[in-house]
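In this text the structure is predicted, and so the values were computed from the model without any measurement.
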Amino acid sequence: MIRKGRHVALIILGVLLLSSLFWGALHKPAPQAVNGVVDLQGKALQDPGVIHLDGEWELYWGQILTPQDFVSNDSERSSELNHILIDPRTGWRSIPQLPDNHGRGVATYRLRIQNLSHNPELALKKTNIRNASRIFVNGMLVMEDGQPTPQLATYIGSNVPRTAFFKTADTNLEIIIQTANFDHFQGGFGQSLMLGDQQTMQTYNSRLFGLELGTSLVLLMIAIIHLLILLLMQGTPMLNNRNNNKLTWMLMVLFFLFAFQNTLINERILYQLIPQLPFPVILASVQISQILLSVLALVSFRLVNSRLLPRFIVKIAAGIGVCLIIFLFTPWATAYAQFAFIPSTLFFISLILVFLRSIWLWIRHREYQTDEKESLGILFEVFLMLTYGLTSMGYQSGYLHDMVIAQVSAIALAIVTLYLHINRLLILYVEKANVDRELGKRRREAINLENDFLRAQINPHFLYNALSVIISLCVQDGEKAARLLANLSTYLRRSFDFQRMTHLNSLESELELLNAYLAIEEARFGERLTVTIEIEPGLEKRQIPPMIIQPLVENAIRHGVLHRERGGSVHIRLARVGERLQLTVADDGLGMPHAKIQSILAPRVNLQHLHTSDSDRQSSGIALQNIVQRLRNQYDSDLAITSEPGQGTTMTILLA
């Protein structure tokens with residue numbers, strides 16, 4: 001409870017800190033225009049360095065006015081030109097005095113600055129005036145962005161941050177801005193106009209450009225890291241599953257889009273780097289990337305934890321996003337902005353729901369069997385995303401003067417997301433490695449258990465027959481009985497050495513076991529059994545899996561040649577094939593049908609089959625099945641069987 005209380009305190013502290021930054025950015029001290037005039041008496045531009053020209057501007061709706069239109073004195077101008085006083089950040093649709101709340105049209109803004117401290121080198125920065133503008137200072141054209149005209153045929157839209165540098169010896173300035181908007185549903189200023197000395201403005205621009213470029217590069221780097229993780233996962237079976245791949249793909253695309261969108265907003269660094277880009281392409285790219293980012297973010301949260309967001313909300317968001325993207329490519333695309341609030345509103349509602357659910361999951365992580373750090377990380381992740389969204393909206397609506405908080409939140413969001421994803425994959429990797437290690441241990445134990453069962457059941461049957469032969473020879477041929485007893489001793493010593501079953505053994509040692517077994521079988525069956533062994537020179541020290549040759553030969557003898565009245569022959573051949581050793585055991589016995597071969601080579605038999613009677617074992621080929629499974633599980637090899645009923649069987653193994 002104490003630790004959880006500390007976490008809650010940290011979250012509350014973070015919220016208060018960001019709120020204070022948000023509030024401080026929202027309330028920067030700056031001189032305000034009153035009745036169309038800013039009085040800078042006693043204020044130097046170096047302090048605060050850049051002035052945001054907010055307050056009451058004169059707005060002349062429906063008119064494109066030039067500096068010459070304001071040459072007459074104020075009383076004459078007031079009687080001839082109708083104007084209203086507004087904060088330029090107020091969108092045209094929000095001005096009740098305008099007819100029908102028009103968001104499109106033309107207008108002229110005017111502001112007078114008095115008592116400007118002497119500074120001949122000045123700069124005027126325009127960030128966002130929708131969607132074409134022309135700016136005059138003391139009658140001189142200092143900036144033009146697009147072509148603001150009342151006629152749609154001659155109108156050219158453009159809205160790129162620009163800075164004008166000019167010199168003046170006057171202490172009074174008159175700023176006249178002609179604006180036109182036929183692209184966006186909301187005309188007017190998006191951000192405040194800024195005035196400052198040239199050096200301070202250049203530093204300010206460099207800082208903003210560097211921050212946004214750095215943020216985009218960090219987001220791009222995070223996307224590339226997710227791509228590398230995706231490639232790494234393809235070669236890691238323990239991580240290569242559908243859900244991991246989908247989430248990594250989603251995060252990679254999400255941050256690629258995030259980096260791309262970050263170059264299109266605020267300073268629009270992509271346009272500054274590539275000024276040849278058509279403005280409609282920039283505008284459409286911003287709109288499409290915002291839709292895709294909203295949908296992909298919700299899908300990612302759903303993939304991380306299905307409890308965070310209901311499936312139907314993700315489907316609704318995706319459906320609306322697809323419809324709006326299609327709408328952007330229709331002749332009515334200019335009306336898109338009127339519906340832009342739909343996906344953003346749904347996205348923020350969904351984010352708030354995810355935020356509340358993440359708090360709940362973090363508090364109840366034991367009940368839901370989720371990792372506490374993972375739950376806390378998701379909570380922080382959603383909080384950063386909300387912070388980025390809210391500060392971006394505050395900036396776009398003109399209430400924030402920069403996007404510093406949003407950019408820092410974006411970087412923090414990318415780093416936290418990457419950390420959580422890597423941590424999630426590492427935990428999964430360790431868990432699966434432990435499971436695989438345990439499964440391997442259990443598999444080896446099962447193999448050893450099968451071997452123990454098989455040897456314990458097969459050997460008594462052979463032992464009974466061998467002892468019967470030795471007993472009968474004790475009277476007739478004592479010397480031969482002694483040799484057979486020695487062979488039986490060798491056979492038992494090696495076949496009951498169960499520790500050899502999981503290690504490689506020399507071919508020489510395996511042949512010793514085989515010869516001991518064959519000596520007993522040849523004594524039992526006499527002329528009915530003929531065995532030949534062909535070994536390529538130099539293979540005696542070759543390491544091979546134990547208990548492979550003798551069981552194959554035993555199977556050929558018992559289930560092949562001895563089922564024929566006249567008996568038969570078994571041929572054993574060991575030879576090199578490239579770098580591998582080929583073992584072949586061929587007999588001319590009864591052979592076996594194709595169905596029997598398939599049953600032998602099928603996956604492992606159940607352990608309950610080990611308890612069947614001897615006759616059942618002989619018919620099921622359980623000894624061969626055991627060899628097949630041992631070769632596959634322990635030695636990355638396999639057994640090949642070719643057989644024709646009545647003609648014999650050939651079994652072949654290639655060993656590394």
Heavy-atom distance under 4.5 Å between the side chains of N555 and D587, does that happen here? no
Hey, what do you get for CZ (R311) to CD1 (I316), rounding to the nearest 0.5 Å? 13.0 Å
Supply the atom-to-atom distance F255 CZ to L296 CG, rounded to the nearest 0.5 angstrom. 11.0 Å
Interatomic spacing from OG in S300 to NZ in K246 - rounded to 0.5 Å: 10.5 Å
Quick one: list whatever passes ring-ring contact (aromatic ring centres under 6.0 Å, His included) with H421, sequence neighbours left out. H226
Is there a side-chain contact between L308 and S358 in this structure, where contact means two heavy atoms from C-beta onward sitting under 4.5 Å apart? yes
To the nearest 0.5 Å, how far apart are CG in L292 and CG in L254? 10.0 Å
Mind checking whether I229 and L251 have side chains closer than 4.5 Å, heavy atoms only? no
Student check: side-chain heavy atoms of I544 and E510 closer than 4.5 Å: yes
Enumerate donor-acceptor pairs with a distance under 3.5 Å from any side-chain N or O in residues 570-579 to protein atoms, sequence neighbours excluded.
unit_1 : atom_1 : unit_2 : atom_2 : d
H571   : ND1    : T532   : OG1    : 2.7
H571   : NE2    : E534   : OE1    : 3.2
R573   : NE     : E534   : OE2    : 3.4
R576   : NH1    : E536   : OE2    : 3.0
R576   : NH1    : P537   : O      : 3.4
R576   : NH2    : G538   : O      : 3.4

Under 3.5 Å, is there a donor on one side chain and an acceptor on the other for S643 and T649? yes
Using the ring-ring contact (aromatic ring centres under 6.0 Å, His included) criterion, which residues pair with Y388? Sequence neighbours excluded. F258
Using distance alone, with no hydrogens and no angle criterion, decide if N434 and R437 have a side-chain donor and acceptor under 3.5 Å apart. yes
Has R564 got a side-chain atom pairing as donor or acceptor with R528's backbone, closer than 3.5 angstrom? no
If you draw a 6.0 Å radius around CD in E438, do more than 12 non-hydrogen atoms from other residues or ligands fall strictly inside? yes
Say whether, by atom type as modelled, one donor and one acceptor occur between the side chain of S599 and the main chain of K596 under 3.5 angstrom. yes
When you check the side-chain N and O atoms of N262 and T215, is any donor under 3.5 Å from an acceptor? no
Quick check: do L552 and L583 have side-chain heavy atoms less than 4.5 Å from each other? yes
